[in-house]
Structure formats: structure tokens, C-alpha cells
Amino acid sequence: QVQVVESGGGLVQAGGSLRLSCAVSGSIANIRDMGWYRRGSGIQRELVASQRTDGTTKYADSVKGRFTISRDNAKNEVYLQMNSLKPEDTAIYFCNVDGWNPTYYDYWGQGTQVTVSS
């Protein structure tokens with residue numbers, strides 16, 4: 001059983017910062033990507049940022065320069081530092097982990113709400 005648990009969401013004023021954390025536990029090995037997705041009101045879930053085990057990162061254009069993803073591979077944890085937050089960043093943020101062991105796997109957390117007030 002694999003558990004993916006996010007924390008760190010909340011309410012913040014525009015221009016403020018939040019740090020999201022995600023802990024992955026259980027029987028899991030050979031993680032490839034750990035990342036963050038978000039779903040705002042009425043739109044599909046979109047990639048925010050992801051990081052491969054080799055350190056390669058990917059960011060949505062809308063968050064480049066403001067958000068930073070990092071991982072602790074020893075702990076199977078991933079973080080998202082969000083600075084200069086904007087009201088349009090308001091969304092439910094989901095943690096995702098995938099890999100091959102030996103077949104492909106893909107796990108999601110329940111999500112954490114981030115609300116940015118203007």
C-alpha cells in the first residue's frame with residue numbers, strides 16, 4: 001500500500017509565500033518523477049512542476065521564476081516553494097509520483113487547497 005500525503009496549503013495574500021510538502025510512504029521503489037499538479041476552478045488538472053530522480057526539473061510557464069521544486073530522495077519527499085503568489089494560483093494542489101517497478105505505477109495524493117486573496 002502506497003500513501004501520498006500533501007501538507008502546507010492554506011490562505012495567503014497576493015505576493016505572499018507558501019511551501020507545500022508531500023511525503024510518499026509504503027511499498028514503493030524506483031521512483032522516476034515526483035511532482036505537483038493543480039486544478040483551479042472549472043479547469044483540468046495541470047502540471048505545475050516536476051523533478052526527475054536525476055534532478056531534471058520541469059515547470060509550467062506560469063510559475064517559472066516564482067516556484068521551486070525540490071526533492072529529498074532518501075525520504076521520498078517532494079516540496080514546492082511558492083513565492084510571489086497570485087490570485088490565479090488559487091487551486092487544489094496534488095502531489096504525484098511515478099516510476100517503474102517493473103511495471104509502470106502512478107500515485108496521487110488527495111490534494112491540498114491553496115487560496116491566494118487579492
Side-chain angles (χ1 to χ4, degrees):
Q1 195 84 353
V2 175
Q3 285 192 314
V4 180
V5 180
E6 304 99 337
S7 61
L11 173 65
V12 64
Q13 287 189 330
S17 299
L18 282 175
R19 185 173 186 256
L20 304 183
S21 299
C22 172
V24 181
S25 61
S27 180
I28 194 166
N30 300 326
I31 293 175
R32 182 185 64 175
D33 287 316
M34 299 184 81
W36 293 92
Y37 290 72
R38 67 186 180 187
R39 184 172 64 227
S41 175
I43 62 174
Q44 290 186 328
R45 192 157 47 189
E46 62 174 354
L47 172 70
V48 177
S50 65
Q51 187 169 48
R52 192 145 288 189
T53 302
D54 66 3
T56 305
T57 57
K58 187 183 301 183
Y59 291 94
D61 287 343
S62 60
V63 307
K64 284 180 180 176
R66 301 187 298 121
F67 291 10
T68 303
I69 190 170
S70 59
R71 280 173 60 164
D72 185 330
N73 291 327
K75 295 181 179 179
N76 287 343
E77 294 182 357
V78 62
Y79 314 99
L80 186 68
Q81 178 65 42
M82 305 185 293
N83 298 328
S84 301
L85 282 160
K86 303 176 181 179
E88 51 263 45
D89 294 318
T90 295
I92 300 173
Y93 284 70
F94 298 89
C95 178
N96 174 261
V97 57
D98 75 4
W100 296 82
N101 191 38
T103 56
Y104 178 73
Y105 63 81
D106 183 30
Y107 297 109
W108 293 89
Q110 293 295 312
T112 185
Q113 177 72 45
V114 171
T115 302
V116 184
S117 64
S118 56

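These numbers were taken from a predicted model, which means no experiment stands behind them. FYI, side chains are in, hydrogens and waters are out, and symmetry mates aren't considered; it's all heavy atoms of this structure. We number each residue from 1, following the sequence as shown.
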S.K.: Return the orientation label for the Phe94 and Trp108 ring planes: parallel under 30°, perpendicular over 60°, tilted otherwise.
M.R.: perpendicular
S.K.: Just checking, any donor-acceptor pair under 3.5 angstrom between side chains of Asp106 and Asn96?
M.R.: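 Side-chain D/A pair, Asp106 to Asn96: present.
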S.K.: With a 4.5 Å cut-off on side-chain heavy atoms, are Val2 and Tyr105 touching?
M.R.: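 Contact flag for Tyr105/Val2 side chains = no.
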S.K.: What's the shortest heavy-atom distance between Asn83 and Ser17, and which atoms?
M.R.: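 Closest approach of Asn83 to Ser17, heavy atoms only: OD1-OG, 2.9 Å.
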S.K.: Do Asp98 side-chain atoms and Asp33 backbone N/O form a donor-acceptor pair below 3.5 Å?
M.R.: yes
S.K.: Looking at Arg66 and Asp89, does any basic side-chain N land under 4.0 Å from a carboxylate oxygen?
M.R.: yes
S.K.: I need the single residue from Leu20, Val5, Ile92 that forms a side-chain contact (heavy atoms from CB on, under 4.5 Å) with Thr112. Which is it?
M.R.: Leu20
S.K.: Answer yes or no: is there a donor N or O on one side and an acceptor on the other, between the side chain of Thr57 and the main chain of Ala49, under 3.5 Å?
M.R.: no
S.K.: With Tyr93, which of Arg39, Gln113, Arg38, Glu6 fulfils side-chain hydrogen bond (donor to acceptor under 3.5 Å, both in side chains)?
M.R.: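 Among the candidates, only Arg38 passes.
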S.K.: How many angstroms lie between atom CD1 of Ile69 and atom OH of Tyr59, to the nearest 0.5 angstrom?
M.R.: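 It comes to 6.5 Å.
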S.K.: Which heavy atom of Val116 sits nearest a heavy atom of Thr90, and at what distance?
M.R.: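 Where Val116 meets Thr90 most closely, the heavy atoms are N-OG1, 2.9 Å.
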S.K.: Would a 4.5 Å heavy-atom cut-off, applied to side chains only, mark Asn30 and Trp100 as touching?
M.R.: no
S.K.: In Å and rounded to the nearest 0.5 Å, what is the CZ to CG distance from Arg32 to Asn101?
M.R.: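 Spacing of CZ (Arg32) from CG (Asn101) equals 13.0 Å.
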S.K.: Let me see the working for Leu18 and Phe67 under side-chain contact (heavy atoms from CB on, under 4.5 Å), right down to the final yes or no.
M.R.: CA-CA 10 Å; Leu18 282 175; Phe67 291 10; over 6 Å; no
S.K.: What distance separates Lys75 NZ from Ser25 OG, expressed to the nearest 0.5 Å?
M.R.: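 The NZ atom of Lys75 sits 14.0 Å away from the OG atom of Ser25.
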S.K.: Could you pull out the closest heavy-atom pair between Val24 and Met34, with the gap in Å?
M.R.: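 Heavy-atom minimum between the residues: CG2-CE, 3.6 Å.
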S.K.: Taking all heavy atoms of Ser21 and all of Trp36, pick out the closest pair and write down the distance.
M.R.: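 Taking Ser21 first and Trp36 second, the nearest heavy atoms are O-CH2, 3.5 Å.
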S.K.: For atom CD of Gln3, decide whether the heavy atoms of other residues, nucleotides or ligands shown that lie under 6.0 angstrom number more than 12.
M.R.: no
S.K.: Less than 4.5 Å apart, side chain to side chain, heavy atoms only: is that true for Arg71 and Ile31?
M.R.: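 Side chain of Arg71 against side chain of Ile31, heavy atoms only: contact under 4.5 Å found.
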S.K.: Grab the two heavy atoms, one from Ser117 and one from Leu11, that are nearest each other, plus how far apart they are.
M.R.: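 So the two residues come closest at CB-CD1, 4.4 Å.
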S.K.: Output yes when a side-chain donor or acceptor of Tyr79 lies under 3.5 Å from a complementary backbone atom of Asp72, and no otherwise.
M.R.: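 No, the answer is negative, given that no donor and acceptor are paired below the 3.5 Å cut-off.
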S.K.: Measure across Ser118 and Ala14 and return the closest heavy-atom pair with its distance rounded to 0.1 Å.
M.R.: CA-CB, 4.3 Å
